[in-house]
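Atoms considered below: every heavy atom in the structure, side chains included; atoms not considered: hydrogens, waters and symmetry mates. All ligand and atom numbering here is 1-based and tracks the order in the structure. On a predicted model such as this, the values are computed, not experimentally measured, just so you know.
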Amino acid sequence: MQKILNYINGELIEPVSGNFLQNINPATGACYSLCPDSDDKDVNLAVDAASKAFPGWSNTSASERSRIMLKLAALIEENNDRLAKAESMDQGKPFWLAQKGEIPRAKANIHFFATAIEHFASEAHPMGDHALNYTLKTPLGVVVCISPWNLPLYLFTWKIAPAIAAGNCVVAKPSEVTPMTAFLLAELCIQAGLPPGVLNIVHGLGPKVGPAMNTHPVVKAISFTGGTKTGAEIARTAAPLFKKLSLELGGKNPNVVFADCDFDKTVSESVRAAFTNQGEICLCGSRILIERSIYEKFKEAFVAKVKKLKVGDPLAADTMVGAIASELHFNKILSYIQLAKEEGGTILTGGSAVTPGPGFENGYFIEPTVIEGLSQYCRTNQEEIFGPVVTLTPFDSEEEALQFANSNEYGLASTIWTENLTKAHRFAAGIKTGIVWINCWLLRDLRTPFGGMNQSGVGREGGWEALRFFTEQKNVCIKL
Ligand code: NAD
């Protein structure tokens, strides 16, 4: 059985304890590899390696850091299909989605920050002719990056790329549910010539490895993407230690459909926004709010399209909905479908676990599920399900749509569908989410600030925001 290894000080090594966890293929429910069950001893080794590497790496020129990172980006591109297959087996997502979307995006993350760092400059603030301020931006030191299981390599690289580009050394932890592509990335880092200790990857259980990383006295900053509850726990333990924190957390995103939308495009894109990656994207539009005059027409067209989505083998080319990432999450989603029924919802399509064929009897597959008849204020519409489950709700006015959209403690992303751009701008100004898409979904420019409001997080990633997070600003004032 293949053993995934930690990547510490430039080497692939077993955890100190010698203990491993089973790594499950969610399409079959079978263990197919072993993941290190690391603990604080491994974290200490990783932090030591990062500390030792920091003086050298932080003094390396931006162009040299860029050169090595561009080599890594090229290696990800060369290994695109191998990484995509690994991601699909580990996470359950359709292979084509990883092949065409996520792995190219992982490459783009590395490429983007490798080039951005060469343009990241200090600012100067002259005070007439009597003084000059300049602001140095220096790397922080050893930083922690923790990522979730839904878009494994995509989100892992989104964090480590700005951190190492800015001259920091990193101790990173991918999710224990999907450790494989971070392991393969470690092999590529060695091939790319990344100096030992610049990136260290410690695999293992979140509650065991995470606190050891987050409370380590040497660690200066934590960039975390994951659930809101975990984010709160990290803030509770790390904030009193004055660690810099970036928290990208959960979402329960409204998808607002006005009667004057481009109907066919809105239906197709709303299906994509709801069910891509089995609905396991923090940005998925899971609360679909529809202007009452087109509610029935939209419902009919939407449900008809959802019924055509093929649930199947993640490696098959025609699969649109793969397996749910883990048994735990599979059971959580099914319990929410049950809750929706208890809360008075009507299942329009889906609602059950399925076996999409021989060999998948023990896999974690759920039919794409559409529910109507629920209040915006019930738990089904307030809590993050993070699976192939959406609700449809009619609204009567723009004011009511805004009230429904903002009725939630989360505030990550929203989507608005209307051909009336004045209304779209007005609505975008009123909605309380960090990201607003008008007549599109998941259209990303890596330069833009990315993050959520309220329980969806603290801080912004992307572009200069990420490079600012991973640097300390020091202002120097000179009296002339
Ligand atoms: P999770 O919070 O359970 O785990 C995320 C990571 O944190 C994993 O690596 C896990 O091992 C680790 N972890 C768990 N407990 C920890 C602790 N006490 N200290 C430190 N680390 C710990 O989240 P998940 O189930 O892996 O991911 C799903 C969640 O992530 C959803 O809520 C989703 O919305 C969110 N998410 C948010 C974004 C965003 O950009 N805002 C993107 C993707 C996913």
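We find that Asp40 and Lys208 are not joined by a salt bridge, their nearest charged nitrogen and carboxylate oxygen being 4.0 Å or further apart. With respect to Glu269 and Arg272, a salt bridge is recorded, a charged nitrogen being found less than 4.0 Å from a carboxylate O. Between Lys3 and Glu14, at least one side-chain N (NZ, or NE/NH1/NH2) sits under 4.0 Å from a carboxylate O, which counts as a salt bridge.
One side chain, Gln91 or Glu280, offers a donor N or O that lies under 3.5 Å from an acceptor on the other. Side-chain contact annotation: Lys252 with Asn408, donor-acceptor N/O pair under 3.5 Å absent.
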Write out each pair where an N or O from ligand 1 and one from the protein are under 3.5 Å apart, with the distance.
residue  : atom   : partner : partner atom : Å
ligand 1 : 2 (O)  : Gly227  : N            : 2.8
ligand 1 : 2 (O)  : Thr230  : OG1          : 2.6
ligand 1 : 9 (O)  : Ser147  : O            : 2.8
ligand 1 : 9 (O)  : Lys173  : NZ           : 3.4
ligand 1 : 11 (O) : Lys173  : NZ           : 2.8
ligand 1 : 11 (O) : Glu176  : OE1          : 2.6
ligand 1 : 11 (O) : Gly206  : N            : 3.4
ligand 1 : 23 (O) : Gly227  : N            : 3.3
ligand 1 : 25 (O) : Trp149  : NE1          : 2.9
ligand 1 : 26 (O) : Trp149  : NE1          : 3.2
ligand 1 : 30 (O) : Gly226  : O            : 3.3
ligand 1 : 32 (O) : Glu384  : OE1          : 2.6
ligand 1 : 34 (O) : Glu384  : OE2          : 2.5
ligand 1 : 41 (N) : Leu249  : N            : 3.3
ligand 1 : 41 (N) : Leu249  : O            : 2.7

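Within the model, atoms CZ of Phe224 and OG of Ser147 stand 9.5 Å from one another, a figure rounded to the nearest 0.5 Å.
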